[in-house]
Amino acid sequence: MTFYAFLGALEQGFVYGIMVLGVYLTFRILEFPDLTVDGSLPLGAAVSAVAITHGVHPYLSLLFALGAGFVAGTITGLLNTKLKILHLLASILTMIALYSINIRIMDGPNVALLGTPTVIDPLVAMGLPGYIASLTLFSAISLAVTGALIWFLHTEMGQALVATGDNPQMITSQGVDTHRIIIFGVGLSNALVAFSGALIAQNQGASDVNMGVGTIIAGLASVIVGETVFGSKSIRRACVAALLGSVLYRIAIALALGMKWGRFSFTPSDLNLITALLVIVALCAPMVKEKFPYKNK
Amino acid sequence: MIIIKSLIKYFNRGSINEVLSLDGISVTVASGDFITIIGSNGAGKSTLLNCIAGTHLADGGSIQLGAQDVSAWPEHKRARFVGRVFQDPLLGTCAAMTIEENLALARRRGCRRGLRMGVRSDDRDLFRKELKKLGLGLENRLKVGVGMLSGGQRQALTMLMATLVPPEVLLLDEHTAALDPKTARQILDLTETLVAGRQLTTLMVTHNMSHALRYGNRLIMLHQGRLILDIEGEEKRRLTRDDLLARFYQAEGEEIVTDRMLLG
């Protein structure tokens, strides 16, 4: 792998890391497998891209993306809690609906952001070369988001959210409306995912309706890689592990794409298969370990 | 003060499996009453507590907690008035969180939860002081995960959490049934201390007749969703197990005493 490819993987790891934090929040903290993210990532991209092409400041467009993602998440939360639809199905319904909505927002399947202002411009204006500027910006933003998430999860509301995922009966009898917490939590998660999508679109110069395919699997793979490598003893540790897991995952992908056996090499379209296999192995590892206790000693 | 008027609760209403779990129960609980509730399986004991807590909404009748009619309130809203300890020690505490985090959740029972820190330094002094009363050494382990504690320790912690903010009513649903006899005894003694120390109005469901006789100032017996016995004060103090059995048969005229109640 070249140095530039490595820097590119780092940059991708950080920018997708914000999405991974969102997936961590639903999947691990709320125990709510949320597939909405496959739709809310391109939603954030679409909202931000359309806002920018209409003359909105790139940074302000990020706020729009956050808001749109939050609304998408709350819809999944409402479907699950108030209409009693299974969480997985509720999130698939929102995801499918978002496909149509995203095309409506963009008035087509994609929007190009060539020559328009982006969030990276201020750093480039300071004289940094493009690849350094985006890496600096995305690592700074993703670290700030990680810090904010850790802070939130230690507040009264955040603690209620953690307890809702772990023991809903207990937190209900402590006076917390778990429905509201789930709706808010899934909203917050999708706000982060859409935020990540907006940054990705600005970085790659386009928003595309299909850019969200496989988001949930990439997110899960990153969460699991992070937990395995960096541990998940405390919330603080688990959040940092999720972000770093995303970076490791993107580096692993870049390595896989660079490999060659004779005439065979992986293409980007093989990524979903590789990631799915990775997640299956990671999810099954604890079970296999339990079945063969002696072999692991 | 709790006023329960002709409470009715069906399960699977309208289906072939319809069960009438509470069949018009009326009872008035005075402030400071410690009531033990006995009855055979399916008598409606747990359903009664669940209806008071709001886990189930009743199909008829009314429940008044303090000055409020809470019949239509959801469970989380009633939590302001209700402290609960469940039979399953895993149900009352949050395993993923530390002892101090659990206590902090309990300290905010019924309050708005905002963006202030969940555990604050002034909380910790209170938690240490309260945990010391349990005599389990937990006051030195504030940052230990609750998942590391034994069932008895978790149940003691749940007792403390249920009473940290004094509730209008404390509901104990066979809260020692899953513990070994020695631990059960400790938890019951703790219950008595906490209830007496804070003058708590308490409803305690038990399957154990001697516990029902030893604790509390009032005893009620449920059978098939109806209240068939209500004894309090001096009369309860003089009550023996044989009396209770006799009253039992007299009231119902049928075999409703399970082995578990006699052996306990």
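On a predicted model such as this, the values are computed, not experimentally measured, just so you know. Naming convention: chains lettered A, B, ... in sequence-line order (proteins, then strands); numbering from 1 in each chain.
For B/T158, no part lies near chain A; criterion is any non-hydrogen pair under 4.5 Å. In this structure, chain A has heavy atoms under 4.5 Å from both the backbone and the side chain of B/M117. Residue contact with chain B, scored on non-hydrogen atoms closer than 4.5 Å, is absent for A/I235. Only the side chain of B/R120 comes within less than 4.5 Å of a heavy atom of chain A; its backbone N, CA, C and O stay farther away. With a threshold of 4.5 angstrom between heavy atoms, B/A53 does not approach chain A through any atom at all.
The existence of a salt bridge linking B/E75 and B/R84 is confirmed by a sub-4.0 Å separation between a basic side-chain nitrogen and an acidic carboxylate oxygen.
With hydrogens and angles left out, the side-chain atoms of A/D34 and A/T26 include no donor and acceptor closer than 3.5 Å. Looking at B/S71 and B/D69, their side chains do bring a donor and an acceptor atom within 3.5 Å of each other. Between the side chains of B/T191 and B/H175, at least one donor N or O lies within less than 3.5 Å of an accepting N or O. Looking at B/D173 and B/S46, their side chains do bring a donor and an acceptor atom within 3.5 Å of each other.
With chain A as the partner, the residue from B/G114, B/A162, B/A96, B/A95 showing the most heavy-atom pairs under 4.5 Å is B/G114. Of the listed residues (B/T98, B/L105, B/V82), the one with the most heavy-atom contacts under 4.5 Å to chain A is B/L105. Between chain B and the options A/Q174, A/M157, A/H154, heavy-atom pairs under 4.5 Å are most frequent for A/Q174.
A/F152 and A/F184 have tilted rings, their planes meeting at an angle from 30° to 60° on a 0 to 90° scale.
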